[in-house]
Protein chains: 2
Amino acid sequence: MDQILSNIKIQINDKLYVKDPETSTLGKKIIEESIILIDSIGFEDFTFKKLGEKIGSNESSIYRYFENKHKLLVYLSSWYWSWMEYRLVFATSNYSDSWEKLKKAISIVTEKVEDDQKTLHINESILNKIIIAEFTKTFHTKEVDQENKEGFYFIYKRVINRITTIINEVNPDYGFSKSLASNIVEGALHQHFLKDHMKTITDCNQDISPTHFYFDLIEKILKK
Amino acid sequence: MDQILSNIKIQINDKLYVKDPETSTLGKKIIEESIILIDSIGFEDFTFKKLGEKIGSNESSIYRYFENKHKLLVYLSSWYWSWMEYRLVFATSNYSDSWEKLKKAISIVTEKVEDDQKTLHINESILNKIIIAEFTKTFHTKEVDQENKEGFYFIYKRVINRITTIINEVNPDYGFSKSLASNIVEGALHQHFLKDHMKTITDCNQDISPTHFYFDLIEKILKK
DNA sequence: TCTTTTTTGAAAGTATTACTGTTATATTTG
DNA sequence: CAAATATAACAGTAATACTTTCAAAAAAGA
């Protein structure tokens, strides 16, 4: 598994970058340090100038990789969902029982993320924190329809569709498999946010994870 | 009911404004036109300068009401949830059957919003569109914990808590009433967004509303 | 109604952001 | 080693997100 994972290259829509950051040291440094900087100061205060200072590079050099910080965030999000999809496909491929497969899939997309040591320049645990705090900003824009057409959210939608398919396997009579899948993926991010910042409106905490909540939920909704 | 509604004044946390916009013509114009302008160009491109031009006022006059556009958005959101809460309390007060009460509550927070003619300067239908597209930005910031302490999200949380209480009435044995309530409120906004911008990952459309999806969901989760 | 207070508008000013363009230097590749 | 490419440094622009000052207009109070 390690071998296989270390060999995959996560494919990102090439409209998201000017120059592929995976092809150079500076590019990888931009990715690595932007994750840390966005997590640390938040996307609103994050600028290419600050990132340049942090990595000892000039602002204009970063612009040769990404048109603007929005596209960088969409790039990071695509990377995250692509990595998620890989784990999802890998972890669910060996199940014959669709219920167990669904539980595995749900746990993958709802659990807290640990750093994947196989990807050297990307800290998935911090990237997960960014996704929780900033992902909705990638599509809550006036350009969403245009960018959706250009495929900016393709991998994210494919993750949702994979879960939808498993839901349909578990219970073909259930009429809202797509909404349930999108609700769980988005809702889990939200529950993680609430447990850190608005504890009074969630049951999730150190002991009860969003995974618990959604396991219980799918059991009640889908099991006959 | 009209009488009662026309007499209530929606109370907003006074830390959200420098001067209460409800106390002057200009203030009300700022609220009225900011809703239209944010909906039309999106929150990112919205500036006090553009709003000033639109209402024939100077930028600096708007700064006398709101410190910055973030606080204006939190103000508009608070107004929205306060108005929601009012409708929620009013519509559910007469039910003796808690199941019917819950259904009524869910339909109020998940249905598409029509303009409330009783509030002259606020178009709730457009405000609802802003909430769908921009509300998560009010708390997805680095200042969320501080602003939460200052009560910026108090009314929103109270709406969630009211729904939580009704869920507990319906089924006291269900262990995730808070997460279910926060999931439904946030999830409904998300499903509305998806039906307009990412149709492939939702079952909601012109015929099937988010309300249908969540009615079915609570029935399966809470009914014994 | 007259005066005082408050509100608003106009304009100027500042620091920062979000870029673009140019040129020299450093690095890589063939 | 030469040519091509990548990067750094710097200058420059338009817009943003404010703040300040001052005068005019409007509202409130006596």
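In what follows, chains carry the letters A, B, and so on, assigned in the order in which the sequence lines appear, proteins first and then strands, with residues in each chain numbered from 1.
Nearest to the side-chain atoms of Tyr65(B) among the listed nucleotides dT7(C), dA8(D), dT21(D) stands dT7(C). Of the listed nucleotides (dC19(C), dA8(D), dT17(C)), dA8(D) has the atom at the smallest distance from the side chain of Ser61(A). Residue Tyr63(B) has its side chain nearest to dT19(D) when only dT19(D), dA9(D), dC19(C) are considered. Considering only the side chain of Lys69(B), dA17(D) comes nearest among dA17(D), dC18(D), dA10(C). Here dT17(C) is the nucleotide among dT17(C), dC18(D), dT21(D) with the atom lying nearest to any side-chain atom of Lys50(A).
Between the side chains of Gln191(B) and Ser179(A), at least one donor N or O sits under 3.5 Å from an acceptor N or O.
Side-chain nitrogen and oxygen atoms of Lys19(B) include at least one within less than 4.0 Å of the OP1 or OP2 phosphate oxygen of dT7(C). An OP1 or OP2 oxygen of dT8(C) is reached within less than 4.0 angstrom by no side-chain nitrogen or oxygen of Ser57(B).
Residue Phe48(A) is the one, among Phe48(A) and Asn58(A), whose nearest nucleotide of DNA chain C lies closer to the 5' end (criterion: closest heavy atom). Mapping Thr25(B) and Thr47(B) onto DNA chain D by nearest heavy atom places Thr47(B) closer to the 5' end of the strand.
In summary, Glu85(A) and Arg162(A) engage in a salt bridge, as defined by a charged side-chain N under 4.0 Å from a carboxylate O.
If you take CZ of Arg64(A) and P of dA4(D), they are 18 Å apart, rounded to a whole angstrom. Rounded to an integer number of Å, the gap from CD of Glu44(A) to C1' of dT16(D) is 15 Å. Atom CD in Glu67(B) sits about 17 Å away from atom C1' in dT16(D), given to the nearest Å. Here dA26(C) presents its P atom at 17 Å from CG of Leu26(A), a figure rounded to the nearest Å. Across the protein-nucleic acid pair, Phe66(A) atom CZ and dT7(D) atom P stand 13 Å apart, rounded to whole Å. In this structure, Leu72(B) atom CG and dC18(D) atom P are separated by 12 Å, rounded to whole Å. When rounded to the nearest whole Å, the span between NZ of Lys49(B) and P of dT16(D) equals 7 Å. Note: CG (Asn68(A)) to C1' (dA15(D)) measures 15 Å, nearest angstrom.
Note on Ser24(A): only backbone sugar-phosphate atoms sit closer than 4.0 angstrom, heavy atoms only; bases stay farther off. Residue contacts for Glu59(B): at a heavy-atom cut-off of 4.0 Å it reaches a base atom on one of the strands shown. Among the atoms of the strands shown, none is found under 4.0 Å from any heavy atom of Gly27(B).
Nearest heavy atom pair, residue Tyr75(B) against residue Asp20(B), reads OH-OD1, 4.3 Å.
Considering Leu37(B), Ile38(B), Asp39(B), Ile31(B) in turn, Ile31(B) is the only one that fulfils the side-chain contact (heavy atoms from CB on, under 4.5 Å) rule with Ile35(B).
In this structure, His197(B) and Phe193(B) have tilted ring planes: the angle between them lies in the 30° to 60° band.
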